[in-house]
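Accompanying notes for the structure given below.
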Amino acid sequence: MWAMSPWLTDRPIDVGQLLSDAASAGAGGTVVFLGTVRRSAEDGAIEAIEYSAYDEMAEAEFERIVAEATARWPQARVALRHRIGLVPLGEASVVIVTAAPHRAEAYAASRFLIEETKRRAPIWKKERFLSGQSRWVEGQQGGG
Amino acid sequence: MWAMSPWLTDRPIDVGQLLSDAASAGAGGTVVFLGTVRRSAEDGAIEAIEYSAYDEMAEAEFERIVAEATARWPQARVALRHRIGLVPLGEASVVIVTAAPHRAEAYAASRFLIEETKRRAPIWKKERFLSGQSRWVEGQQGGG
Amino acid sequence: MTGPAGAAGADAIRVRIRLFASYAEAAGRDELDLVLSAGATAADALAAVRGQPWASRLPPSPAVAVNRRYAKGEIALREGDEVAIIPPVAGG
Amino acid sequence: MTGPAGAAGADAIRVRIRLFASYAEAAGRDELDLVLSAGATAADALAAVRGQPWASRLPPSPAVAVNRRYAKGEIALREGDEVAIIPPVAGG
């Protein structure tokens, strides 16, 4: 259902496509950020994470976050996609591409976009363990 | 001739391969930096850039730079490749992948690696213009 | 309270409340309609939701969005507004 | 001066100088061998290179690498060392 959305998808994120979307002849530095479902000692044996979203608001919030980034870094080109649904260990839940004439802008815009995504995007995750148990991940107070 | 080198290649850089090289189950944040040959107003109509290196020292210097990065960010995994020879407009001359449990380390290690590469790697470039002319790019004083 | 949102009376507005993630799980539903007095604010809608038995699950000041944008409690609601109670977010 | 580096005399060492990019272009070659007094430093090697006609192209203090590592001028050279004069770098 999200296949046509610019921001959300229920399929593995196509990094090559996002790189193409952000490419331009004027880009000298391109930064790709991938957030990946990881195994960690404190969390135990995670099998996958299930992401859910307030879809319509997430789309609107991504529009706003990207508009803010391009207002701050006018020469940057941006592509962003967040995955929804069950994301297996090792696969990306979010991919952000920023391309700019100079690398400093590409890094700064990338960092801004992931921090704002984590702070504001109305998206939640539930860890699913090999044991069959599951648990909502405690997030941060959302806010614009 | 560089196909087997971990650091230098005379072919288009395979980003997917570098992502695999740096991947680990513990990585929550992965940053990819791509330095790309760009068109810029001040430089005019660049067709390609020709990179040349002091190959043996470049390999040694990349070893040292990566060792410094992994000493500073012990949880980061790193993959880096620099292209040598003629690189057409829009293609990557360098790709750096850093993967770490948390994104702050991945961003910091990425930035360190590209700054040190630009400061220290004994690599030079000559711009080739559509007019047929060419010009050495004025770089920065190398130093360890 | 959960039927389609028809027109409310002259002195009342009807708004749609949306719940997500752990809040929806606690409530056993992901939306409900509320009839509020004209001039009611987002904070008033939240207070009405607190009347529901599952709502002890809500923190003292949950984030709220009105019409898909984060909003402060004092924002005035209008007929047909969508008010979402946003659990702590964990995207990325 | 550019033949294979044989053993130098007891009081002399032979080192290989390597040139790159614009320096190699100016010199019309990318390496040459130098015979220096025993105890010579990287700075001495550089001074000897400055005797060559193309060397007006060199800046006052070019970066130097000895055996594939950046080095200061005072580093003492040994028989067979590789001394590179490094133009301003422009990788990445």
Side-chain angles (χ1 to χ4, degrees), chain A residues 7-9 13 33-38 43 49-65 67 80-85 87 92-96 110-127 134-144, chain C residues 2 4-5 15-34 41-43 45-47 49-50 54-92:
Chain A
W7 310 113
L8 301 177
T9 181
I13 300 171
F33 175 79
L34 300 96
T36 308
V37 173
R38 73 185 178 101
D43 292 337
I49 290 187
E50 186 162 11
Y51 286 83
S52 58
Y54 178 5
D55 294 358
E56 309 93 312
M57 179 171 162
E59 307 259 357
E61 201 66 22
F62 283 131
E63 292 275 1
R64 289 188 282 264
I65 292 170
L80 178 157
R81 197 149 296 151
H82 202 296
R83 189 162 165 190
I84 300 297
V87 182
S93 55
V94 62
V95 177
I96 295 169
S110 178
R111 197 68 197 269
F112 173 85
L113 287 162
I114 184 60
E115 299 304 332
E116 293 302 296
T117 293
K118 289 190 170 269
R119 196 170 75 79
R120 295 160 54 180
I123 297 177
W124 301 278
K125 58 187 180 191
K126 196 172 206 173
E127 295 171 327
S134 66
R135 179 176 69 187
W136 287 105
V137 175
E138 192 55 39
Q140 47 187 318
Q141 168 88 1
Chain C
T2 57
V15 300
R16 167 72 48 100
I17 304 296
R18 295 192 63 180
L19 304 172
F20 298 93
S22 57
Y23 298 173
E25 210 168 75
R29 64 205 301 178
D30 57 12
E31 54 184 40
L32 57 131
D33 288 348
L34 284 185
T41 63
L46 193 58
V49 171
R50 285 198 193 278
W54 61 271
S56 60
R57 172 74 182 73
L58 294 177
S61 302
V64 168
V66 175
N67 298 334
R68 304 167 186 181
R69 187 189 280 270
Y70 288 106
K72 297 193 185 302
E74 59 264 32
I75 192 175
L77 300 178
R78 288 185 288 196
E79 173 70 24
D81 277 355
E82 179 172 291
V83 180
I85 310 179
I86 309 283
V89 299

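Sequence lines set the chain letters: A, B, ... in the order given, protein chains first and strands last, and positions in each chain run from 1.
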Check this for me, if you would: do [X] and [Y] make a salt bridge, where the nitrogen-to-carboxylate-oxygen distance has to be below 4.0 angstrom?
X: C/R68; Y: A/E63; result: no
X: A/E127; Y: A/R135; result: yes
X: A/R119; Y: A/E115; result: no

What part of [X] is in contact with chain C, defined as an atom under 4.5 angstrom from a non-hydrogen atom: side chain, backbone, both or neither?
X: A/A92; result: neither
X: A/Y54; result: both
X: A/R64; result: side chain
X: A/A60; result: side chain

Exercise. Under 4.5 Å heavy-atom distance to chain A, tell me which part of C/P62 shows up: side chain, backbone, both or neither.
Key: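 Answer is backbone: N, CA, C or O of C/P62 sit under 4.5 Å from chain A.
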Practice problem: Under 4.5 Å heavy-atom distance to chain A, tell me which part of C/R18 shows up: side chain, backbone, both or neither. | Solution: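 Contact with chain A is through the side chain of C/R18 alone.
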Quiz item: Under 30°, 30 to 60°, or over 60°: which ring-plane class applies to A/W124 and C/F20, parallel, tilted or perpendicular?
Solution: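 Judged by the thresholds at 30° and 60°, the geometry between A/W124 and C/F20 is parallel.
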Practice problem: Quick one: list whatever passes side chain to side chain contact (heavy atoms under 4.5 Å, CB included) with C/P88, sequence neighbours left out. | Solution: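 Applying side chain to side chain contact (heavy atoms under 4.5 Å, CB included) to C/P88 gives A/E138, C/Y23.
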